[in-house]
There are 2 protein chains.
Amino acid sequence: MLEPEAVAPCCPPLTERPLTAEEAERTAKMFKALGDPVRLRLFSLVASHEGGEACVCDISDVGVSQPTVSHHLKKLREAGLLTSERRGTWVYYKVAPSVLAAMGQLLTAAD
Amino acid sequence: MLEPEAVAPCCPPLTERPLTAEEAERTAKMFKALGDPVRLRLFSLVASHEGGEACVCDISDVGVSQPTVSHHLKKLREAGLLTSERRGTWVYYKVAPSVLAAMGQLLTAAD
DNA sequence: TGCCAACATAGATGTATGTCGAACACCAAG
DNA sequence: CTTGGTGTTCGACATACATCTATGTTGGCA
């Protein structure tokens, strides 16, 4: 089921030193994934859901069709931000561990 | 010169509660702006430059033409992430105050 | 076995975006 | 005022992307 390439601890704070081209390439994928309003809502719906995970049926009410939701969840998976698991009839998404920490570190003001 | 709409303190951590549609719309613009490798490098070049600011001539070596650099800097400005100021011959860009803090808060693991 | 619900994939389509070269605006020196 | 350097804007173009409808696939249940 096409699992994400690891997002990795990646990089120091953006204020510490310029990113290399490769670092920027990898890191931009995460930001890009969150750069769509629908995906950002889906991500926050999963991240804030009790237990840290949510089934698609819990988060499908974001104003677009069901295939579109599925499409965006796939993008988030491919960016390494979410993982998915099927349990019976439902598919559950959760935030990939360490992703929030990694992105938070990037944006740490190293002042 | 088309100044940015304020990016605002905006939102609580993504893990605290789901974003509303409006919040997501506004916030996604910031992530989107950083969702391109070239822009991400430009941003980190400015953010990590001594004095917290850099002139375009200091950061133009990212592998694309100079008009393209200018185009991306404009996008970053419009997203509220950078501000620009002309001093004599050169134009200086700096990170908009409070932007890093705001984005960092969004990604705070509220665990 | 057959059916329904939950998600995913496929294909089509309009719009947004990244890129470039060319032309323009601004400023400092001669 | 003219020249040269710095940066922006313009127009064109190819690609990427968000969205939809239609169709597949998977699993529970009668």
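- Contacts of B/R39 with the nucleic acid, taken as non-hydrogen atoms under 4.0 Å apart, involve only primed sugar atoms and P, OP1 or OP2.
- Of the possible polar contacts, none joining the A/Q105 side chain to the A/A102 backbone as a donor-acceptor pair under 3.5 Å is found.
- Rounding to whole angstrom units, NE2 of residue A/H71 and C1' of C/dT13 are separated by 14 Å.
- If you take CH2 of A/W90 and C1' of C/dC4, they are 13 Å apart, rounded to a whole angstrom.
- A cation-pi geometry, defined here as NZ or CZ lying under 6.0 Å from the six-membered ring centre and within 45° of its normal, holds between B/R87 and B/Y92.
- The residue A/T89 sits close only to the backbone: its heavy atoms come under 4.0 Å of sugar-phosphate atoms, none of a base.
- You'll find the side chain of A/R41 stays beyond 4.5 Å of the side chain of B/P18, heavy atoms only.
- Between B/L76 atom CG and C/dG18 atom P there is a gap of 10 Å when expressed in whole angstrom units.
- Distance CZ (B/R86) to P (C/dA28): 8 Å, rounded to an integer number of Å.
- For B/I59 and D/dT6, the CD1 to C1' distance is 13 Å, given to the nearest whole Å.
- Between D/dT19 and A/H72, a contact under 4.0 Å exists linking OP1 or OP2 to a side-chain N or O.
- A straight line from OH of B/Y93 to C1' of D/dG7 spans 8 Å, rounded to a whole angstrom.
- Distance, A/E25 CD to C/dG18 P: 13 Å, rounded to whole Å.
- The closest side-chain heavy-atom distance from B/L81 to B/F43 is below 4.5 Å.
- Within 4.0 Å of A/T68, counting heavy atoms only, lies at least one base atom of the nucleic acid.
- You'll find that the side chain of B/K75 is closest to C/dG18, out of C/dG18, D/dA18, C/dA8.
- In this structure, the nucleotide among D/dA16, D/dT19, C/dC20 sitting nearest to the side chain of A/V38 is D/dT19.
- The listed nucleotides are C/dG21, D/dT8, D/dA22; the one nearest the side chain of B/R77 is D/dT8.
- Residue A/S65 places at least one side-chain N or O under 4.0 Å from the OP1 or OP2 atom of D/dC20.
- Close to C/dT17, at under 4.0 Å from its OP1 or OP2, lies a side-chain N or O of B/K32.
- The nearest whole Å value for the distance from the CG atom in A/L82 to the P atom in C/dC7 is 15 Å.
- Distance from the side chain of A/D36 is smallest for D/dA18 among the nucleotides C/dC26, D/dA18, D/dT9.
- Distance from the side chain of B/S70 is smallest for D/dT8 among the nucleotides D/dG7, C/dT9, D/dT8.
- Nearest to the side chain of B/V64, among C/dC20, D/dT8, C/dA6, sits C/dC20.
- Proximity of A/L107 to A/P13: side-chain heavy atoms (C-beta onward) are nowhere separated by under 4.5 Å.
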